[in-house]
K.L.:
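Can you keep this structure in mind? I'll have questions shortly.
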Amino acid sequence: MDIIFYHPTFNVSDWSQGLQQRLPQVNLRQWQPGDNAPADYALVWNPPTEMLQGRDTLKGVFALGAGVDSILSRLKQYPDLLPAGVPLFRLEDTGMALQMQEYAVHTVLGWFRRFDDYRHQQQQALWQPLENYRREDFTIGLLGAGVLGGSVASSLAAWGFPVSCWSRSAKQIDGVTSYHGADQLAPFLASTQVLINLLPNTPQTVGMINRQLLQQLKPGAFVINLARGAHLIEDDLLAALDAGEIKAAALDVFAREPLSEDSPLWSHPRVTITPHNAAVTLPEEAMNYIAKSIAQREAGEMPPGRVDIARGY
C-alpha cells in the first residue's frame, strides 16, 4: 500500500515509522514535485495543487488537521484539485477536543472569577474586591456544535454553567440547550454572556461575527474565537470593545496569520492573543485514527470524518 505525504513542518520519517507500526504493509513517501507515481492514499496539509490533480485512483485523502480550508478554498480556481469521487477526510478529534476544552475552560473561568479585572487593578496597585458574577446568569453559547463544539459545550456544562449551542440543525447534548437555524440565532445570542466560536469555515459563516451580531449578545459579553479568523470582522470587534459592548476577547485565529505586528489587537488591554495553537494535531492520536480509517476503507467501509464538499465540512 502506497501513501504520499505532504506537510510543511511534520517529520516524514516519524510518520513513516509510526504508520508502518500500525499498518506493516504501508510504504509512505514524502511527495516531491514531479512525483506522479501511483498512490493509494494521501496525507496532506495545505498541499500543492499538482500533488493531487489527476489522482483518481486514490481511495482517500486525509487532511492532517480538523480544518480543510486550504483544500476547499482552492477548488473554485482548481476544480480538479480533488479527483472526482475520492473522499476527503478531516481529523475530527484525535486529541484536539481535550485541548479545546482546556483553552475554553481556562479562559471562561478566568473571566467568571474576574481574574482579568484583578490583573488590571494590579497594574494600578489597587486593592479592591469586586462583586462576583452569578453562575446562573453567566450563560455560555457555542457557535457550532460538531465534534469539537459539542465536546467544549459538555466540558463547560460540567462546571455548572448554563450552556447553549447554535448550529445548522438541532443537536442533542446532555445539559446543553440547542438552538438551530436562522430563526433561532437571535434568541441564542440574546441569552449569551460568553460566545465561543467553533463554526466550520464555509461561505455562509465567513464574516458572521460582525458588529450586528456582537450587539445582540448580553451587555458586557465575552468572545472566544477558536475556529477561523475569517469568521470574525476584527475591526467590528475592536469597535465593540471600545464601545463597552464587549468586555473582553480571547483570539486564537486571525484573518491573516501571523497577525501583523501593527495590528491594534496586540496592544488592546482587553484582548488575549494566542498563535493558532488552541488545539494542534497530535501525531500519535492522528496516526491511530488514520490507520483505523485506512483499515476500514480497505474493508469496504466508510470511516468517520468524511467532508461534505458541498457543505464545506
Side-chain angles (χ1 to χ4, degrees), residues 1-7 10-32 35-72 75 79-100 145-151 154 168-169 171-173 200 279-313:
M1 180 189 303
D2 292 310
I3 297 178
I4 50 174
F5 179 94
Y6 180 87
H7 194 290
F10 283 179
N11 187 313
V12 65
S13 296
D14 292 342
W15 279 79
S16 178
Q17 293 173 12
L19 282 174
Q20 284 181 345
Q21 290 173 359
R22 294 162 173 83
L23 298 170
Q25 72 274 28
V26 159
N27 175 36
L28 183 145
R29 69 180 187 272
Q30 185 168 13
W31 181 85
Q32 301 289 345
D35 178 356
N36 296 314
D40 299 292
Y41 297 93
L43 313 184
V44 301
W45 186 253
N46 197 19
T49 302
E50 62 178 302
M51 177 183 181
L52 299 177
Q53 283 179 321
R55 292 188 179 273
D56 52 10
T57 60
L58 286 172
K59 301 174 187 178
V61 175
F62 291 88
L64 297 173
V68 290
D69 312 38
S70 64
I71 295 176
L72 298 185
L75 278 176
D80 58 346
L81 171 63
L82 278 178
V86 175
L88 171 66
F89 301 94
R90 61 186 175 89
L91 304 183
E92 284 196 323
D93 184 351
T94 62
M96 294 182 189
L98 180 58
Q99 296 175 73
M100 288 292 190
V147 172
L148 297 180
S151 172
S154 295
R168 187 178 60 89
S169 57
K171 303 293 183 182
Q172 293 290 331
I173 305 172
V280 300
T281 300
L282 302 178
E284 293 297 320
E285 286 82 351
M287 284 188 274
N288 286 339
Y289 160 75
I290 291 170
K292 182 178 179 180
S293 297
I294 287 176
Q296 290 176 304
R297 286 292 288 151
E298 293 296 302
E301 303 171 7
M302 186 60 67
R306 183 176 185 179
V307 174
D308 184 324
I309 303 299
R311 290 193 307 178
Y313 59 95

K.L.:
Applying side chain to side chain contact (heavy atoms under 4.5 Å, CB included), run through Ile290 and Asn288 and close with a yes or a no.
P.N.:
CA-CA 6 Å; Ile290 291 170; Asn288 286 339; over 6 Å; no
K.L.:
Give a yes or no on whether the backbone of Gly60 and the side-chain of Arg297 come within a donor-acceptor separation of less than 3.5 Å.
P.N.:
no
K.L.:
To the nearest 0.5 Å, how far apart are CG in Leu19 and CE in Met287?
P.N.:
6.0 Å
K.L.:
Can you name the nearest heavy-atom pair linking Arg22 to Ala291, along with the distance?
P.N.:
CB-CB, 3.7 Å
K.L.:
So which atom in Pro47 and which in Tyr6 form the shortest heavy-atom distance, rounded to 0.1 Å?
P.N.:
CA-CD2, 3.8 Å
K.L.:
Go through the structure and list residues passing ring-ring contact (aromatic ring centres under 6.0 Å, His included) with Phe5, not counting sequence neighbours.
P.N.:
Trp15
K.L.:
Nearest 0.5 angstrom please: Leu98 CG to Leu148 CG, how far?
P.N.:
11.5 Å
K.L.:
Say you draw a straight line from CG of Asn46 to CE of Met51; how long is it, rounded to the nearest 0.5 Å?
P.N.:
11.5 Å
K.L.:
Using modelled atom types and a 3.5 Å cut-off, is there a donor and acceptor pairing between side-chain atoms of Asn27 and backbone atoms of Asp2?
P.N.:
no
K.L.:
Looking only at atom types and distance, does a side-chain atom of Ser154 sit under 3.5 Å from a main-chain N or O of Gly150, one as donor and one as acceptor?
P.N.:
yes
K.L.:
With side chains defined as the heavy atoms from C-beta onward, is the minimum distance between Pro303 and Phe89 less than 4.5 Å?
P.N.:
yes
K.L.:
Is any side-chain heavy atom of Ser151 closer than 4.5 Å to a side-chain heavy atom of Met96?
P.N.:
no
K.L.:
How far does OH of Tyr289 sit from CD of Glu92, to the nearest 0.5 angstrom?
P.N.:
6.0 Å
K.L.:
Which heavy atom of Leu91 sits nearest to which heavy atom of Ala286, and what is that distance?
P.N.:
CD1-CB, 3.9 Å
K.L.:
With side chain to side chain contact (heavy atoms under 4.5 Å, CB included) as the criterion, how do Leu72 and Ile309 come out once you've worked through the C-alpha distance, each side chain's angles and the decisive distance to 0.1 Å?
P.N.:
CA-CA 7 Å; Leu72 298 185; Ile309 303 299; 3.7 Å; yes
K.L.:
Looking only at non-hydrogen atoms, find the nearest pair between Trp31 and Pro48 and report the distance.
P.N.:
CZ3-CG, 3.7 Å
K.L.:
Go through the structure and list residues passing salt bridge (Lys or Arg N to Asp or Glu O under 4.0 Å) with Arg29, not counting sequence neighbours.
P.N.:
Asp35
K.L.:
Can you give me the closest heavy-atom contact between Phe10 and Leu64, atom names plus distance?
P.N.:
CD1-CD1, 4.3 Å
K.L.:
Return the CD to CG distance between Gln17 and Leu28, rounded to the nearest 0.5 Å.
P.N.:
11.0 Å
K.L.:
Salt-bridged, Lys292 to Glu301, with N to O below 4.0 Å?
P.N.:
no
K.L.:
If you draw a 6.0 Å radius around CD in Gln25, do more than 12 non-hydrogen atoms from other residues or ligands fall strictly inside?
P.N.:
yes
K.L.:
Taking side chain to side chain donor-acceptor pair (under 3.5 Å) as the definition, give me every residue that meets it alongside Asp80, ordered by chain and number, with sequence neighbours left out.
P.N.:
Gln53
K.L.:
Rounded to the nearest 0.5 Å, what separation is found between the CG atom of Leu58 and the CG atom of Leu52?
P.N.:
7.0 Å
K.L.:
Do Leu81 and Ile71 make a side-chain contact, defined as non-hydrogen atoms from C-beta onward lying under 4.5 Å apart?
P.N.:
yes
K.L.:
Contact between Phe62 and Ile294 at the side-chain level, heavy atoms closer than 4.5 Å - yes or no?
P.N.:
yes
K.L.:
Where do Pro38 and Arg55 come nearest, in terms of heavy atoms and distance?
P.N.:
C-NH1, 4.3 Å
